[in-house]
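Whatever order the structure lists them in is the order used to number ligands and atoms, beginning at 1.
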Amino acid sequence: MRKKIVAGNWKMNKNLQEGLALAQELDAALKGKQVNCGVVIGTPFIHLASVANAIDTEKIGVAAQNCADKASGAYTGEVSAEMVASTGAKYVILGHSERRAYYHETAGILKEKVLLALENNLTPIFCIGEVLEEREANRHFDVVKSQVTASLFDLSKEDFSRIVLAYEPVWAIGTGKTATAAQAQEMHAFIRNTLSEKYGEEVVENTSILYGGSCNASNAKELFSNPDVDGGLIGGASLGVDKFMPIIEAF
Ligand code: PGA
């Protein structure tokens with residue numbers, strides 16, 4: 001059985017004190033509660049160590065939202081996968097569309113980041129997804145397939161089995177527009193097929209594929225009820241426990 005995961009992506013929100021308070025509030029809300037999915041929060045880099053120290057990381061996995069494509073050295077301002085791992089974080093979100101679009105992260109750069117994350121025992125949450133024009137031109141399947149193959153398909157079967165994927169149609173991110181449950185299922189099934197051709201049924205049956213893009217308390221249940229949707233990557237609705245908890249409880 002593959003793992004169900006609800007992961008928050010705080011993006012560039014919350015200063016250290018606010019972030020710490022949010023993490024602790026979530027930790028308290030989950031205490032003693034039986035939930036049916038893994039919970040992850042993706043915080044800014046500078047929050048990672050404090051957050052990981054302040055919460056039960058067996059219950060809430062901590063994720064960085066990025067890491068460097070180099071192991072170490074003279075790369076001013078960068079944060080390596082090893083540094084992320086040393087904070088107690090267990091995950092790293094890689095290839096988010098905002099990183100691809102605003103910081104020009106190419107498939108080649110992302111391939112390096114994935115390798116470094118795995119070397120440092122971080123679980124990559126690898127994001128893929130098409131922009132609106134690509135969907136309108138009926139190119140969404142090709143785009144997503146090439147994002148997956150270009151950055152991940154040199155991985156060994158063993159390494160690949162440590163990846164979590166997140167399908168995030170760019171037109172649905174932060175727009176309030178969600179893919180319909182049918183659109184999400186269609187793409188997730190397509191991704192699973194694509195992966196299966198390369199890595200085989202068994203590995204792929206165990207690969208979690210999350211949906212992201214305006215996922216919230218009112219649509220989570222319907223999205224998560226699809227057989228190939230294993231959870232969500234949640235932006236806006238992860239910034240408050242009142243909005244995030246119902247998504248966790250949708251499982
Ligand atoms: P959103 O963001 O939930 O605010 O649409 C999702 C994401 O970008 O991961």
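- Of all the atoms in ligand 1, the ones that sit under 4.0 Å from a non-hydrogen atom of Gly213 are 5 (O).
- Taking 4.0 Å as the cut-off, Gly212 does not count as a neighbour of ligand 1 on heavy-atom distance.
- At least one heavy atom of Ser214 lies less than 4.0 angstrom from ligand 1.
- Judged by the shortest distance from any of its heavy atoms, Cys127 lies outside the 4.0 Å radius around the atoms of ligand 1.
- Ranking the protein heavy atoms by distance from atom 9 (O) of ligand 1 puts Glu168 OE2, 2.6 Å first.
- Using a 4.0 Å cut-off between charged side-chain N and carboxylate O, Glu98 and Lys11 make a salt bridge.
- Aromatic ring pairs are classed by plane angle as parallel below 30°, tilted from 30° to 60° and perpendicular above 60°; the pair His188 and Tyr167 is perpendicular.
- For the pair His47 (side chain) and Leu20 (backbone), a donor-acceptor distance under 3.5 Å is absent.
- At least one N/O-N/O distance between Lys11 and ligand 1 falls below 3.5 Å.
- Numbered from 1 in the order shown, with element, the atoms of ligand 1 that lie under 4.0 Å from a heavy atom of His96 read 7 (C), 8 (O), 9 (O).
- Counting only N and O atoms by type, the side chains of Trp171 and Glu130 include a donor and acceptor under 3.5 Å apart.
- Counting heavy atoms closer than 4.0 Å to ligand 1, residue Asn9 contributes side-chain atoms (C-beta onward) but none from N, CA, C or O.
- Between the side chain of Asn53 and the backbone N or O of Ala49 there is at least one donor-acceptor pair closer than 3.5 Å.
- Close approach of ligand 1 to Ala172 is summarised as follows: ligand atoms under 4.0 Å from at least one heavy atom of the residue are 5 (O).
- The residue Ser97 has no part lying near ligand 1, judged by heavy-atom distances below 4.0 Å.
- When the heavy atoms of Gly8, Gly232, Gly174, Gly235 are ranked by distance to atom 5 (O) of ligand 1, first place goes to Gly174.
- Expressed to the nearest 0.5 Å, how far OG of Ser80 lies from CD of Glu119 amounts to 11.0 Å.
- In this structure a side-chain-to-backbone donor-acceptor pair under 3.5 Å is present from Asp56 to Glu58.
- Ring geometry for Tyr199 against Phe153 counts as perpendicular: the plane angle is over 60°, on a 0 to 90° scale with 30° as the lower cut.
- In this structure, atom 4 (O) of ligand 1 lies nearest to the protein heavy atom Gly236 N, 2.9 Å.
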